[in-house]
Amino acid sequence: MRGSEPAEAVAHPNIALVKYWGKRDDRLVIPYADSLSMTLDVFPTTTQVRLQPHATHDVVIMDGALARNNARRRIVDFLDLVREQAGRSECAVVKTCNTVPVGAGLASSASGFAALALASTAAYELEYEPAALSRLARRGSGSAARSVFGGFVRWHAGAPDAPDPDRASFAEPLTGTQLDLALVAVLLETGHKSVSSREAMSRSARTSPLFPTWLARTRAEIGEMCAALDEGDLATVGAIAECNALGMHRTMETAVPPVRYRTRDSHRVLQQVRRMRRAGLRAWSTMDAGPNVKVLCATGDAPLVAEELKQATRRRVVVARGGPGAVLRGGS
Ligand code: DP6
C-alpha cells in the first residue's frame, strides 16, 4: 500500500452473549469485565481510507453523505491515533458504507471501527498482528475489538492493576466450540436512538444501584458461557445470554435518569420468545442498546423461529449465523 492508493476493509457486526457494559477507563476504552460475542454473517461495513498528502483536513463520507459533528469527530480522533502510532501526518478521505441500520442497537460501531482499524492501518502502512488490531479497534468503540475476529470471540478486560492496561485488553477468537448458533433479529425500529450506548453505559455504571451486582454476575457468567460453548450446550448458552442481556437493561432502567431502550414492542417480542420456549422451541432473547430483540437458536431451528416471529410481529426478521473476521479487500 503506497501513496494515495486506497485501502479497503470489510467487517461484520457482532452480538454479545455476555455483554460489555461499563468502562474502567474512558480514554483507553477498557471495560470492567470480559465480554463474549459471536461475529455475524450479515450487515457488513465496508470502509475505504485514501491518504491525501496535500489536504489540510480529513473528509469523512458515511453512506454517501458528509459526516458531521460527533460521527465525524470519532473517526477523525481515530485517524489521529493511527497517525500517532504510525508517525505519519497525512490527512485522509474515509468512505464508509454500512448495511446495518445505524444507531439502532445493531452494533454498526463494532463493524465500523473494526473495518476502519484495518483499512487505516493498511493505508498508513502499519503492520499489526490481529491482537494489536483488536486493541486499536477497541479505542474507536469497545465492541469493535471483537469484530476483528470471526466466530465466537472473547474480549479480555485485562487485570485492573496491569502495568500497561492498553496492552492487556484485547479480543481473541475462541477455539474448540462446535455450537451451530443462529441469531434471528426482529427489526422493530431502525431510527437513531435518543441516548447513545456510550452515555447509557456510563450512566448505568455511575448511578445504577444494580450495577455492582450485574458486574459480579457477568464476571461469573463469562466462565460459565465459555464452558457451555465448549460443551455445545445450547440451552445453557441461551439461558446465560438472556439473563445477562436483561440484567444489563435493568441497570439502565434503574440509572439516574433512567434509560429505557425496551419499548412496548420489545416486551411483546420478549414475551413471545418465552411463549415459544414453553411450547418446546429452543429460543432465547438478547438485546443491546436499542429496542430490537435478537433471538438465539440452533441454526436448524432458525427458519421456524423466524417464521413464528414474523407471524407474531409482522416486522422484518433477519436470520444470521456465525460470520468472518475483518478482511482487507484484495488488490488494495
Ligand atoms: C450493548 O461498543 O458501542 O452492544 O465503547 O462506548 O463505543 P463504546 O460502546 P459500544 O457498546 C456496546 C454495548 C452493547 C454490548 C456489547 O456489544 O457487548
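All values reported here derive from a predicted model rather than from experimental measurement. Just follow the structure's listing: the first ligand is 1, and inside any ligand the first atom is 1.
Heavy atoms of S141 found under 4.0 angstrom from ligand 1 belong to the backbone as well as the side chain. Proximity of S143 to ligand 1, defined as any heavy-atom pair under 4.0 Å, is shared by backbone and side chain alike.
Each of the following atoms of ligand 1 lies closer than 4.0 Å to a heavy atom of K19: 15 (C), 18 (O). Listed by number with element, the atoms of ligand 1 under 4.0 angstrom from any heavy atom of W21 are 1 (C). The A16 neighbourhood of ligand 1 comprises atoms 16 (C), 17 (O), 18 (O), with distances under 4.0 Å to a heavy atom of that residue.
Taking a 4.0 Å cut-off on heavy atoms, S109 registers as neighbouring ligand 1.
Within 6.0 Å of CZ on R275 lie more than 12 heavy atoms contributed by other residues, nucleotides or ligands. Residue-environment remark: CZ (R219) exceeds the threshold of 12 foreign heavy atoms within 6.0 Å.
For ligand 1, the polar-atom distance check finds an N/O of R74 within less than 3.5 Å of one of the ligand's N/O atoms. For K23, a nitrogen or oxygen atom sits less than 3.5 Å from a nitrogen or oxygen atom of ligand 1, counting backbone and side chain alike. Distances between N or O atoms of R146 and those of ligand 1 include at least one value under 3.5 Å. Not one N or O of V29 is nearer than 3.5 Å to an N or O of ligand 1, by distance alone.
Under 4.0 Å is where a charged nitrogen must lie from a carboxylate oxygen, and between R83 and D58 at least one such pair does.
With sequence neighbours excluded, the residues that form a side-chain contact (heavy atoms from CB on, under 4.5 Å) with L246 are E242, R250, R262, L270.
Every pair passing ring pair (Phe, Tyr, Trp, His ring centres under 6.0 Å) that includes a residue from residues 46-86 is listed here, sequence neighbours excluded: F78-F113.
Not less than 6.0 angstrom separates the ring centroid of F43 from the ring centroid of H12.
The aromatic rings of F170 and H156 sit tilted relative to each other, their planes meeting at an angle between 30° and 60°.
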